[in-house]
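All ligand and atom numbering here is 1-based and tracks the order in the structure. Worth saying up front: this structure is predicted, and the values here are computed from it rather than measured.
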Amino acid sequence: MAAAGTALPVTALPVPLSGRFKGSFAYFTIKDRLPQILTRTIDTLHRHKNEFFEEHGEKGVEAEKRAISFLSKLRNELQTDKPVTPLEDELPDATLWNQYLDYQRNLSNGNGGPSWFQSPWLYVECYMYRRIHAALAQNPPIDNFDVFKEGKAQNFFESQGAIIALCTYFQELLKNIKDLDEKQLQEEFLKLLQVSLWGNKCDLSFSAGEDSSQKSSPLQCLEDMVPFVLVNDMEKLWSLLKNAKNRKTDKCKVRVDIILDNAGFELVSDFVLADFLLSSKLADEVHFHGKSIPWYVSDTTKNDFNWTIKQLQAANHMWMSRCGINWEGNLKKGIWVYHDHMFWTLPHDFSSMAEVAPDLYADLQKSNLLLFKGDLNYRKLTGDRKWEHTVPFHQALNKFHPAPLCSLRTLKSDTQVGLKPGQAEQIQASEPEWMISGKYGVVQFDPAL
Ligand SMILES: O=P(O)(O)OC[C@H]1O[C@](O)(CO)[C@@H](O)[C@@H]1O
Ligand SMILES: [Mn+2]
């Protein structure tokens with residue numbers, strides 16, 4: 001290991017986080033949280049048995065039984081640290097997954113091959129969600145059932161108060177946005193950016209599916225939260241967007257991409273930020289990237305994306321419904337675009353995107369700014385490795401630089417780069433859980449090449 005503050009040569013990547021490090025967060029996640037998530041998934045299927053029967057008759061119940069036994073087997077494999085097995089379904093990404101397993105086998109040469117506790121945490125955790133997907137997808141007629149849907153909807157409804165507060169604030173802001181001077185516009189931008197950052201506290205895989213909705217008004221305590229933003233590049237984002245706007249010609253549009261994380265309150269906070277970027281003319285187009293299969297319990301799929309906008313539209317609250325109507329309009333006009341790409345639900349970290357998904361990499365290169373939401377995206381940006389905390393973010397990205405990018409992430413797993421010398425040690429001394437409590441956040445920017 002290099003001394004703190006010394007940049008490692010790019011070739012010397014630190015080891016990935018893994019359940020083999022007993023007592024680490026990865027270890028406890030694999031030992032406790034992942035089995036809990038599987039148990040909840042099985043319970044959810046049980047609870048929907050009658051619904052499956054009503055919809056599909058005996059065939060639905062049979063499919064539910066098969067899915068449950070597949071999931072119970074999976075839980076047993078995990079808890080007894082069995083080898084990771086190839087996928088046996090014929091879904092479009094199966095070959096890539098199986099190639100990745102071969103790659104992991106080669107890496108662990110002589111060390112017994114990939115298994116739940118011995119392999120990289122990122123790999124086995126993603127693999128679990130892919131197998132949950134297979135449990136359903138392989139079992140028609142319940143193949144389109146999203147086992148996490150209920151939890152995502154519940155998070156949305158339980159965050160209703162916070163959503164109303166945010167939509168109301170935003171619609172009031174829109175009334176006089178044209179009259180704001182640059183400084184006021186900047187203030188509003190910084191506020192909504194922080195709401196989107198702290199919106200990331202609300203994910204469900206972290207709490208193993210238990211309630212994690214946004215209860216209080218998201219705008220009230222922003223100032224008190226500033227000391228908890230460990231890397232604060234917010235001003236850099238503002239400069240980038242302002243410069244892009246000033247340099248803009250009719251032909252070249254300013255495009256911002258948001259690589260989404262969780263549905264529920266977080267998604268609404270991302271929508272508000274996206275609307276602000278267009279309404280303030282800082283951007284002309286916002287592209288959203290969601291997941292093509294249910295993922296990490298609360299991540300946004302196309303269904304969640306459309307459902308959320310419909311719910312807002314239909315809400316019995318003037319400003320909520322105004323937001324929903326405007327946002328559907330943005331999609332129709334093509335100034336908001338939803339994408340999903342298989343790559344986001346593969347086990348690869350983003351340093352291999354250019355090779356594994358060159359089409360996606362090329363698309364991201366068209367953007368002026370990529371906003372990566374959440375903890376899992378941060379893990380994939382930095383390769384989920386045991387980095388020294390002072391290693392520069394640019395280095396941890398390991399050549400992933402499609403466009404200027406920024407991570408908006410609350411810390412929920414034990415990896416963090418780009419801190420000042422001594423910063424990590426200082427927090428660690430008083431708060432040993434600082435990397436996993438979700439109490440701290442980063443707005444961490446990399447200007448690309
Ligand atoms: O929704 P997010 O912010 O990506 O968080 C996902 C959570 O799942 C985890 O992968 C834990 O299993 C953590 O990294 C994080 O707590
Ligand atoms: Mn998530």
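Heavy atoms of Asp375 found under 4.0 angstrom from ligand 1 belong to the backbone as well as the side chain. Contacts between Arg409 and ligand 1 below 4.0 angstrom, taking non-hydrogen atoms only, are absent altogether. Proximity of Arg379 to ligand 1, defined as any heavy-atom pair under 4.0 Å, is confined to the side chain (atoms from C-beta onward). With a 4.0 Å heavy-atom cut-off, ligand 1 is reached by the side chain of Asn262 but not by its N, CA, C or O.
Of all atoms in ligand 1, listed by their number and element, those nearer than 4.0 Å to a heavy atom of Thr29 are 12 (O).
Closest to the Mn ion (ligand 2) among the N, O or S atoms of Asp299 is OD1.
A salt bridge is defined here as a Lys NZ or Arg NE, NH1 or NH2 lying under 4.0 Å from an Asp or Glu carboxylate O, and Lys149 with Asp146 fails to meet this definition. Taking 4.0 Å as the cut-off between side-chain N and carboxylate O, Glu125 and Arg379 count as a salt-bridged pair.
Side-chain contact of Trp97 with Asp93: a donor-acceptor pair under 3.5 Å is present, judged by distance alone.
Note on Asp261: counted as a metal contact of the Mn ion (ligand 2), an N/O/S atom lying under 2.8 Å. Contact annotation: Tyr296 places no N, O or S atom under 2.8 Å from the Mn ion (ligand 2).
Between Tyr103 and Tyr100, the ring center distance clears the sub-6.0 Å criterion.
Surrounding NZ of Lys73 are at most 12 heavy atoms belonging to other residues, nucleotides or ligands under 6.0 Å away.
Of the polar atoms of Asn200, at least one N or O is found under 3.5 Å from an N or O of ligand 1, judged by distance alone.
Judged by the 6.0 Å distance and 45° axis criteria, Arg131 is positioned over the aromatic ring of Phe70.
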